[in-house]
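One structure is given below, encoded as structure tokens.
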Amino acid sequence: MSTTKQTAPKQGGAKESLNTLCVQAGYQPANGEPRQVPIIQSTTFKYATSESMGQLFDLEASGYFYTRLQNPTNDFVAAKIAALEGGTAAMLTSSGQAASFFALFNICEAGSHIVASSSIYGGTFNLLDVTMRKMGIETTFVSPDATEEEIHAAFRPETRALFGETLANPALSVLDIELFARIAHAHGVPLIVDNTFPTPYGCRPIEWGADIVTHSTTKYMDGHGSAVGGCIVDSGRFPWQEHADKYPGLCQPDDSYHGVTYIERFGQAGAFITKATAQLMRDLGSIQSPQNAYYLNLGLESLHVRMPRHVENGQAVAEFLQAHPAIESVTYPGLPTDRYYALAQKQFGHGGCGVVSCVVKGGRSAAEAFMSRLRLFAIETHVADARSCVLCPSAHTHRQMTELQLAAAGIPAGLVRISCGLEDKADLVADLRQALA
Ligand SMILES: *Cc1c(COP(=O)(O)O)cnc(C)c1O
């Protein structure tokens, strides 16, 4: 295993250096080695002696033995994301869904309880509300705008994590990370934050107190609609040992792994990701393919160049729609009228991403007619891509939710989610204008 390799490089930390980290962090070739991250397209790795491979299985030596658990290409890219987020260790997963599940299941088991913001991605809501419930893991949902007292009241003795989304997809509500972290820590549990929409370019949740950060790298990080993937980053800050009774998986011997105690062997900085790799990847097998990790790295190399354009286009589109008579309302945290404007300015410094929501007057049928007249914005089950696209959550991604659940997640039936790509903002606005005419 080689989680300790994933430690963020020394230049990590300062916001100014993110531009450089996007390009160079994670992979430092030695003399004569490829300049570009190599794709290690191999399921397995060769060892000279039985003993040297045995040490890997005992987690005594660092190295690779089977790509279901770990692959060097993935680790190079995970190390870049750890550096971008300011974490101590990271791992790539096959999807954002796998990242959310692993981040939670790494510290939960049957009988555990989770408190989660109700304003989260539909797939994550389903994972918590249906699938993990079937596994005996209960979730209580709280509004991201609930009072501190209301959020405290959702906690139980069995609560093991507080979960939220920095900038929710598709509701575009902004999580008050400092507040949520304070509440989680008062109950001795970590705050796990899905930071997919702002990316570390827009927000570094660890700096605001989050303990674990997850990503759907499928979105802005890849940025080109090429590869589904996910990532988990550990801040290395949560004191598992102080709450050892709650986290036996980290603080007591793992019988399925020769009695290793992760917190003792790998410390606070490495225990979480090592356990998720050694145990969850081994048993549940949701690794990202090295080829996809390579595509993800290409995306990351320009993240800091692309994100400002996404935000600029999102802002222009939001301002245009807000002034248009056919539009009932616009949600974009970069609009001064938005309820999350101040929080977005504080945490992101801008609107956060290129995704804008609007409610078209006339409900779902008017929204669908509007979408079908668009030329540059394609109707797609995707978001956060170089090419602009649109989607109607109640008709597409969130159609499994009831009206009440939709309302709790802040999703009106006529809502259209608009993902502004990297095209010219004047062309995007012109396309929206003709489709609304
Ligand atoms: C898309 C998305 C996910 C799920 O990611 P996949 O890569 O599609 O599995 C999770 N969280 C957020 C915020 C997302 O936008």
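In listed order, ligands and their atoms are each counted from 1.
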Next item on the list: Evaluate the ring planes of F272 and W240, with Trp represented by its six-membered ring, and classify them as parallel (under 30°), tilted (30 to 60°) or perpendicular (over 60°).
Entry: parallel

message: Which label fits Y201 and H350: parallel for a plane angle under 30°, tilted from 30 to 60°, or perpendicular past 60°?
response: parallel

Residues at least two apart in sequence or cross-chain that pass salt bridge (Lys or Arg N to Asp or Glu O under 4.0 Å) with D424, listed by chain then number, are none

Between H224 and Y295, does the ring centre distance come in under 6.0 Å?
->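 Not close enough - the centres of the two rings lie 6.0 Å or further apart.
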
inquiry  = Per the ring-ring contact (aromatic ring centres under 6.0 Å, His included) rule, what does the pair list look like for residues 125-146, sequence neighbours excluded?
reply    =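 Qualifying pairs: F125-F141.
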
For ligand 1, list every N/O pair with the protein closer than 3.5 Å, one pair per line with the distance.
| unit_1 | atom_1 | unit_2 | atom_2 | d |
| --- | --- | --- | --- | --- |
| ligand 1 | 5 (O) | S216 | OG | 3.0 |
| ligand 1 | 7 (O) | G96 | N | 2.9 |
| ligand 1 | 7 (O) | S216 | OG | 2.8 |
| ligand 1 | 7 (O) | T218 | OG1 | 2.6 |
| ligand 1 | 9 (O) | G96 | N | 3.0 |
| ligand 1 | 9 (O) | Q97 | N | 2.9 |
| ligand 1 | 11 (N) | D194 | OD2 | 2.6 |
| ligand 1 | 15 (O) | N169 | ND2 | 2.8 |
| ligand 1 | 15 (O) | K219 | NZ | 2.6 |

The ring pair (Phe, Tyr, Trp, His ring centres under 6.0 Å) partners of F155 (sequence neighbours excluded) come to H187

